[in-house]
Amino acid sequence: MTEFDLAVQPVRALNAALHALGPDTNQTAWRILNPQGKHAIAAGLDAPIAVTVEGHAGYYCGGMNKAAAITVTGNAGVGVAENMMS
């Protein structure tokens, strides 16, 4: 499982890492730590991966998702999973 700490790196770096994954990736399980209500976490994903956001997510978490399974263990803001493509 790949862990990504949003207390250390920004959401932009997380989303860039997730967008770089191809459909045949071995990194299929991701755990996002310290989301602290940040917006657009795990947005626009194309790869068939599982992402768990450990805590509260802000607006548009998981938006424009095509193939990922996204779980938020806390609350999520408006627009969660908006414009899912699959």
Side-chain angles (χ1 to χ4, degrees):
M1 176 175 292
T2 303
E3 289 189 347
F4 196 100
D5 191 344
L6 289 176
V8 177
Q9 294 188 18
V11 173
R12 178 171 275 192
L14 166 66
N15 286 339
L18 293 172
H19 292 170
L21 299 173
D24 57 348
T25 183
N26 291 344
Q27 295 176 295
T28 58
W30 287 70
R31 184 172 175 231
I32 312 307
L33 306 172
N34 300 307
Q36 302 169 341
K38 293 178 179 153
H39 306 306
I41 295 171
L45 303 185
D46 290 334
I49 61 173
V51 177
T52 300
V53 179
E54 296 287 348
H56 304 303
Y59 301 159
Y60 307 112
C61 177
M64 299 181 294
N65 176 25
K66 290 184 182 176
I70 301 171
T71 302
V72 178
T73 64
N75 296 318
V78 298
V80 66
E82 184 171 287
N83 292 321
M84 285 184 63
M85 309 306 245
S86 63

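In this text the structure is predicted, and so the values were computed from the model without any measurement.
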Given 3.5 Å as the limit, does a donor-acceptor pair link the side chain of [X] with the main chain of [Y], or not?
X	Y	result
T28	I49	no
H56	N75	yes
T2	R31	no

Applying a strict under-4.5 Å side-chain criterion to I, L, V, M, F, W and Y, I'd like to know whether L6 and Y60 cluster together.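 Not linked; separate clusters.
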Do you know which two heavy atoms are closest between [X] and [Y], and how far apart they sit?
X	Y	value
L14	A42	CD2-N, 4.4 Å
V72	G55	CG1-O, 3.3 Å
G22	A47	O-CB, 3.8 Å
C61	I70	SG-CG2, 4.5 Å

Evaluate L45 against W30 for side-chain contact (heavy atoms from CB on, under 4.5 Å), listing each step before the verdict. CA-CA 12 Å; L45 303 185; W30 287 70; over 6 Å; no
If the condition is ring-ring contact (aromatic ring centres under 6.0 Å, His included), which residues does H39 pass it with, not counting sequence neighbours?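 For H39 the ring-ring contact (aromatic ring centres under 6.0 Å, His included) partners, ignoring immediate neighbours, are Y59.
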Pairs where residues 6-24 contributes a residue and the test side chain to side chain donor-acceptor pair (under 3.5 Å) is met, not counting sequence neighbours: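 Qualifying pairs: none.
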Only pairs at least two apart or in different chains count here, so list each salt bridge (charged side-chain N to carboxylate O under 4.0 Å, His left out) that has a residue in residues 38-51.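 Output for this query lists D46-K66.
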How far does CG of D5 sit from CD1 of I32, to the nearest 0.5 angstrom?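 So the CG of D5 and the CD1 of I32 are separated by 9.5 Å.
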Atom CG of N83 and atom CE of M64: how far apart are they, to the nearest 0.5 Å?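 Going from CG on N83 over to CE on M64, the span is 7.0 Å.
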